[in-house]
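Here is the structure we will look at, set down as structure tokens.
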Amino acid sequence: MARSRLGYVLIGLVIIVALSLALAAPAPQDEGQVTQIGAIVPVSGDLSSLGEDILVASRFALDEFNSYLEEEGRPWRLEMTVEDSTTRPVVALEKMTSLKARGIDLVFGPLSSAEIRHVKGYADSNDMVIVSCCSNDPSLAIPGDGIFRMNLDHSHLGPALARLMAHEGIKAVIPVWRGDTWGDGLRETVAGSFEDLGGRVDEGIRYVPDTPDFSVSVSILAEKVELLADDVGLDAVAVVFLGFDEVTLFFQTASDYELLNETRWFGTNANAGRSSLLDDRVASEFAHSVRFTALQIAAGDNPVYESIRDHALERLGRTPPAYVYSAYDSIWVLGLAIESAGVDPGQVKAAIPRVADSYVGALGDIKLNEAGDLAGADYEVMSIRDGAWTMIGTYAEGGSVMIDSQTADPSKSRS
């Protein structure tokens with residue numbers, strides 16, 4: 001498996017290797033020299049379970065990239081210094097300044113848009129380059145800066161989620177969202193897209209991310225559902241949850257309300273494929289009861305994707321979320337940019353778009369837009385079935401929704 005995986009990568013990268021040699025010879029590297037990149041990842045905090053997944057994928061990518069360097073006869077190797085952001089923007093900035101003080105200008109992460117927004121000013125003014133696997137706030141899509149994101153922004157996700165809900169017969173939506181840069185932006189995009197399709201959007205419920213108790217929010221939500229159900233019918237009402245791992249606690253609280261158990265719920269790529277929701281019995285059963293359905297970016301169906309999936313399954317004991325594929329590709333693109341341009345941040349920044357344009361990885365044929373973000377991709381429609389995340393359909397770029405009726409299983413009964 002390792003040899004065939006490496007062989008695939010070498011074949012897929014012939015173009016980029018040639019391009020690198022033709023456009024910019026790598027900076028001189030001494031035998032045994034190590035190039036350090038930073039990684040700001042939530043080992044603790046609201047995104048800690050995702051952080052674990054991301055570290056497994058990024059370290060796997062690092063190992064395989066170094067194997068590639070060895071095969072190519074390169075005398076240097078890539079290493080990664082990991083810092084815990086605790087999913088807090090202020091801590092992410094502290095870690096960014098710490099990396100800079102140690103002479104590390106090239107950074108993988110942070111993951112969340114709130115963290116990216118908080119570190120952006122420092123990174124820009126200090127000529128640092130950031131490659132994030134997961135941030136997707138459209139307001140951070142700024143051409144010419146040093147931030148690159150291997151993810152689709154909300155201008156893709158919002159319309160996709162809105163069209164999915166409309167496809168499922170939903171006429172009225174109640175947003176419940178995380179009160180930060182990520183949540184506020186996504187709520188606006190989803191609401192606007194759903195209204196453009198003729199749907200009705202309640203003002204919803206904005207919650208504090210680190211709240212320890214959702215009882216008041218859930219009680220208000222139940223009242224809102226009841227009012228809308230009286231107007232359009234319960235089958236046409238949905239709750240769209242826009243949050244991180246706090247979804248588990250929210251579902252635990254909501255499970256006490258019979259009406260909320262009978263309401264359709266939707267989510268985003270921040271929830272799809274996440275093990276934290278499956279690990280809690282009450283939350284998992286509630287997710288099954290409400291047919292919780294979420295979107296995640298579709299990875300390419302290729303040997304790279306398969307090798308990452310198999311590695312993550314072995315290390316984590318569970319099927320990984322789609323973000324791990326973005327993380328893997330982020331490390332490779334950053335590494336190949338260093339190979340092409342050396343370690344100067346300005347040169348790496350210039351090299352990343354052309355490297356990505358010729359790279360074929362877990363996400364398939366990657367293209368970045370003028371803002372340095374993933375230009376386009378399809379989504380997988382994911383739902384919890386029999387205690388596991390299952391793909392029940394697809395959303396194709398352009399608006400086409402396909403749902404497998406047998407896999408989706410319209411029954412709301414608990415397993």
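Bear in mind that the values here come from a model prediction, so they are computed numbers and not experimental data.
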What are the two closest non-hydrogen atoms of His288 and Arg385, and how far apart are they?
-> CD2-CA, 4.2 Å
Might you point out which heavy atoms bring Ser307 and Val304 nearest each other, and give the distance in Å?
-> OG-O, 2.8 Å
Between Gly38 and Leu99 the two heavy atoms that sit nearest each other are CA-CD1, 3.9 Å
Starting at CZ of Phe108, measure out to CD1 of Ile130 and round the result to the nearest 0.5 Å.
-> 12.0 Å
Give every donor-acceptor pair under 3.5 Å between a side-chain atom in residues 193-201 and any protein atom, sequence neighbours left out.
| residue | atom | partner | partner atom | Å |
| --- | --- | --- | --- | --- |
| Ser193 | OG | Thr189 | O | 2.8 |
| Arg200 | NH1 | Asp231 | OD2 | 2.3 |

Does the side chain of Val237 reach to within under 4.5 Å of the side chain of Val232, using non-hydrogen atoms?
-> yes
Under 3.5 Å: donor-acceptor pair, side chain of Ser358, backbone of Val355 | no
Cut-off 3.5 Å, no hydrogens considered: what does the side-chain donor-acceptor table look like for residues 311-318, sequence neighbours left out?
| residue | atom | partner | partner atom | Å |
| --- | --- | --- | --- | --- |
| Arg318 | NE | Ser275 | OG | 2.9 |
| Arg318 | NH2 | Glu52 | OE1 | 3.3 |
| Arg318 | NH2 | Asp53 | OD1 | 2.7 |

What is the distance from atom CD1 of Ile392 to atom CD1 of Ile384, rounded to the nearest 0.5 Å?
-> 11.0 Å
With a 4.5 Å limit on heavy-atom distance, are the side chains of Met128 and Val119 in contact?
-> no
Using the ring of each side chain (for Trp, its six-membered ring), is Tyr395 parallel, tilted or perpendicular to Tyr379, with breaks at 30° and 60°?
-> tilted
Under 3.5 Å donor-acceptor, Ser330 side chain and Val131 backbone | no
Short N-O contact, Lys349 and Asp127, less than 4.0 angstrom | no
State whether the side chain of Asp213 and the backbone N or O of Ser215 hold a donor-acceptor pair below 3.5 Å, judged by distance alone.
-> yes
side-chain hydrogen bond (donor to acceptor under 3.5 Å, both in side chains) between Ser49 and Asp245: does it pass, once the steps are laid out?
-> CA-CA 8 Å; Ser49 66; Asp245 282 354; 2.7 Å; yes
Side chain to side chain contact (heavy atoms under 4.5 Å, CB included) assessment of Ile338 paired with Ile37 | CA-CA 10 Å; Ile338 295 169; Ile37 62 173; 3.8 Å; yes
Side chain to side chain, Tyr325 and Ile297, heavy atoms closer than 4.5 Å = no
Could you tell me whether the side chain of Ser326 and the main chain of Met150 form a donor-acceptor pair under 3.5 Å?
-> yes
Min side-chain heavy-atom separation Val381-Leu164 under 4.5 Å = yes
For the pair Asn126 and Asp105, evaluate side chain to side chain contact (heavy atoms under 4.5 Å, CB included) and give the outcome as yes or no after the intermediate values.
-> CA-CA 8 Å; Asn126 286 277; Asp105 298 310; over 6 Å; no
Should Pro321 and Met382 count as side-chain neighbours, where that means a heavy-atom distance under 4.5 Å?
-> no
For the atom pair CZ (Arg206) and CG (Leu242), what is the distance rounded to the nearest 0.5 Å?
-> 12.0 Å
Kindly give the heavy-atom pair with the smallest separation between Gln296 and Ala272, and that separation in Å.
-> OE1-O, 3.5 Å
Quick one: does Ile54's side chain get under 4.5 Å of Cys133's, heavy atoms only?
-> yes
May I ask you to decide if Arg281's main-chain N or O and Ser284's side chain share a donor-acceptor pair within less than 3.5 Å?
-> no
Smallest heavy-atom separation, Gly243 atom then Trp182 atom, equals N-CZ3, 3.6 Å
Would you say Phe266 and Leu295 make side-chain contact, with heavy atoms under 4.5 Å?
-> no
Would you check if the side chain of Asp180 reaches a backbone N or O of Ala114 as a donor-acceptor pair within less than 3.5 Å?
-> no
Closest approach of Gly179 to Asp184 (non-hydrogen atoms, all atoms of both residues) = CA-OD1, 4.0 Å
Can you establish whether the number of heavy atoms outside Glu188 located under 6.0 Å from its atom CD is more than 12?
-> no
Could you go through the side-chain hydrogen bond (donor to acceptor under 3.5 Å, both in side chains) check for Ser44 and Thr86 one step at a time?
-> CA-CA 5 Å; Ser44 58; Thr86 72; 5.1 Å; no
Report, as yes or no, whether the 6.0 Å neighbourhood of atom CD on Gln36 holds more than 12 heavy atoms from other residues, nucleotides or ligands.
-> yes
For Arg187, does the CZ atom sit with more than 12 other heavy atoms under 6.0 Å from it, leaving out its own atoms?
-> yes
Do Val176 and Phe214 have side chains that get closer than 4.5 Å, going by heavy atoms?
-> no
Reported CZ-to-CG distance for the pair Phe60 and Asp310, which is rounded to 0.5 angstrom | 8.5 Å
Taking everything shown except Lys120 itself, do over 12 heavy atoms lie less than 6.0 Å from its NZ?
-> yes
Would you sort out whether Trp389 and Thr319 count as a side chain to side chain contact (heavy atoms under 4.5 Å, CB included), showing the intermediate values?
-> CA-CA 8 Å; Trp389 283 103; Thr319 301; over 6 Å; no
Once the angle between the rings of Tyr359 and Trp332 is folded into 0 to 90°, is it parallel (under 30°), tilted (30 to 60°) or perpendicular (over 60°)?
-> parallel
Can you tell me if Thr394 uses its side chain to pair, donor with acceptor, with the backbone of Ala396 under 3.5 Å?
-> no
May I have the step-by-step check of side chain to side chain contact (heavy atoms under 4.5 Å, CB included) for Leu78 and Leu62, ending in yes or no?
-> CA-CA 7 Å; Leu78 193 64; Leu62 194 70; 3.7 Å; yes
Residues in ring pair (Phe, Tyr, Trp, His ring centres under 6.0 Å) contact with His167, at least two apart in sequence or another chain | none
Is Trp265 reaching over with its side chain to a backbone N or O of Ala287, donor-acceptor style, under 3.5 angstrom?
-> no
Hey, what do you get for OG1 (Thr181) to CG (Leu186), rounding to the nearest 0.5 Å?
-> 12.5 Å
Hey, mind stepping through Phe292 and Phe251 against ring-ring contact (aromatic ring centres under 6.0 Å, His included) and telling me if it holds?
-> CA-CA 10 Å; Phe292 186 52; Phe251 278 15; 5.1 Å; yes
Between the side chain of Asn151 and the main-chain N/O of Asp373, is any donor-acceptor distance below 3.5 Å?
-> no
Between Asn136 (side chain) and His154 (backbone), is there a donor-acceptor pair under 3.5 Å?
-> no
List the steps, then state whether side-chain hydrogen bond (donor to acceptor under 3.5 Å, both in side chains) holds for Ser98 with Arg102.
-> CA-CA 7 Å; Ser98 176; Arg102 283 175 278 173; 2.9 Å; yes
Inter-residue atom distance Leu157.CG - Asn269.CG, 0.5 Å rounding | 5.0 Å
Given Thr293 and Arg264, is the side-chain hydrogen bond (donor to acceptor under 3.5 Å, both in side chains) satisfied, shown in steps?
-> CA-CA 9 Å; Thr293 305; Arg264 189 73 188 273; 3.0 Å; yes
